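Below is one structure; the comments refer to it alone.
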Amino acid sequence: MSTVPQRIDAVVEDFVDLEGREKLELLLEYAARLPALPSHIASQRASADHRVHECQTPVYLWPEVTGSGAKLHAEVAAEAPTVMGFVAILAEAIEGRPVDEVLTLRDDLLERMGLAQVLGILRTRGLRAILGHVKRGLLAASTPAGKESP
Amino acid sequence: MAGYANPDVLVTTEWVAEHAHDPNVRIVESNEDRALYTQGHVAGAVEIDWQVDLQDQVRRDYVDRAGFEKLCRDNGISNDTTVVFYGDKNNWWACYAFWVFKLYGHPDCRIMNGGRKKWQLEERAWSTDRVDVKPGHYTAPEQDGSVRALRDEVLKHQKGGRPLVDVRSPEEYCGDRLHMPDYPNEGALRGGHIPGAVNIPWPLSVNEDGTFKSAKDLEKLYVKGAGLKRRSPTIAYCRIGERSSLTWFVLTFLLGFAKVKNYDGSWMEWGNCVGVPVVKGTTPDGSPA
């Protein structure tokens, strides 16, 4: 099973040589793959705790640590496909991996993918906030009180 | 669109569907989310992005005159082209792009009333085709200072007790909401508003379907309600100048205000400036409500 850094390297490799519009097309393919919320989570959707306030469009993230590793559930408004695509990339990259490995993810992911120039400074900052939110959420979920037994 | 000061500045979705391939018309999409255009756009429309195309990538400013001329040529826009803007978010960014085009004096700019939202509600077709553009011929004048307020002018305006409109949310206006973790680039060190500014949040100008409110409702909101006057020089601001370009558009073109400027530096400049006046709270002068 590949590690988070290996999966991210593969994503970067897919994106880096594409021209701007193709990058967005690939991002849309990821967006289309973002799974719907499972019902046990959809019922808590109204909780403000899960909303990422840095984003102007509604984005709800539920980073979880399960017995098999990290898991990211998310709901992103249809009018924000860029955010949806980026969240889907993160969700696929961290799925089932140890939290420590997710925490090694660097913040310059969008720059490495070459998306920062396509999206501009402010959007890039907004997406970076999502990565920070996921990392903080996983860290909180893996503190001793909430830790799954090995 | 009856009752607006300049009704011609708004076009309907029907009009756009009919004119999208008219050689004298260029339809321009401007969005908060860039991938929306890639996902589907009005057939024949080009995309002009507010961050990547309209802003200088080094200085905090807009592209210079030569940059604007090149942008227009590359997008098949000539000086005599009718440019129609539309986009997501109730046409925020469309109004912002419209404003930058006016900053460079483009004569014929319009907004598709309702933007992407209305187009979608009417179940009109989205295209993913790449648009072939025949380059335009463009010469731009220097920036038109009559639509843009820079910081020193805003300070003078404020000291003179002239009207200011803060179009942000009530929480941002009163200074409660400021901290935005992980959002350093849009962060301000101080929260509140410019003393004297009235708070008229921008969404009050639009209907549920993304179209602008009627002339009567807008008049009630800005003139009768907030006491703004058509002949008084007025400055609108928000956080980075995008929401306020929508209000600038409403005041100037729909209500016929004579001298409205957009302060694009907005709170991301003012809230970081040393020595400028700031008040907190729900009233313009910061006194207890």
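Keep in mind it's a predicted model, so treat the numbers as computed, not measured. Letters A, B, ... are given to chains in the order of the sequence lines, protein chains preceding strands, and every chain is numbered from 1.
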Practice task
Calculate, to the nearest 0.5 Å, the distance between atoms CD and CG belonging to B:Gln39 and A:Leu27 respectively.
Solution key: 10.5 Å

Fill in the blank from the handout: Closest non-hydrogen atoms of B:Val52 and A:Gly120, given as atom of the first, atom of the second and distance, are CG2-N, 3.8 Å

Exercise for the section: Give me the contact list for residues 2-18 of chain A versus chain B, heavy atoms only, anything under 4.5 Å, ordered by residue number. Expected result: none

Handout entry: Gap between atom CG of A:Leu28 and atom CG of B:Leu36 - 0.5 Å precision
Key = 8.5 Å

Problem - Distance, nearest 0.5 Å, that separates CZ of A:Arg123 from CD of B:Gln51 - result: 4.5 Å

Problem - B:Asp49 portion near chain A, given a 4.5 angstrom heavy-atom threshold - result: side chain

Exercise for the section: Determine whether more than 12 heavy atoms belonging to other residues, nucleotides or ligands lie under 6.0 Å from atom CD of A:Glu19. Expected result: yes

Exercise for the section: Find out whether A:Glu79 and B:Asp33 are in side-chain contact, i.e. whether some heavy atom of one side chain is under 4.5 Å from a heavy atom of the other. Expected result: no

Problem - B:Lys213 atom NZ, neighbour heavy-atom count above 12 within 6.0 Å - result: yes

Exercise for the section: Can you sort out the partners of B:Phe249 under ring-ring contact (aromatic ring centres under 6.0 Å, His included), two or more places apart, ordered by chain and number? Expected result: B:Phe98, B:Phe212, B:Phe253

Practice task
Would you give the length of the straight line joining atom OG1 of A:Thr82 to atom CD of B:Glu32, rounded to the nearest 0.5 angstrom?
Solution key: 9.5 Å

Exercise for the section: Check salt bridge (charged side-chain N to carboxylate O under 4.0 Å, His left out) between A:Arg21 and all other residues, then give those that pass, not counting sequence neighbours. Expected result: A:Glu25

Handout entry: B:Arg130, part contacting chain A, at a heavy-atom distance under 4.5 Å
Key = both

Problem - Per-residue contacts, residues 92-119 of chain A versus chain B, heavy atoms under 4.5 Å - result: A:Gln117, A:Val118, A:Leu119

Handout entry: Criterion side chain to side chain contact (heavy atoms under 4.5 Å, CB included) on A:Leu122 and B:Met268, from CA distance to verdict
Key = CA-CA 12 Å; A:Leu122 298 180; B:Met268 282 315 104; over 6 Å; no

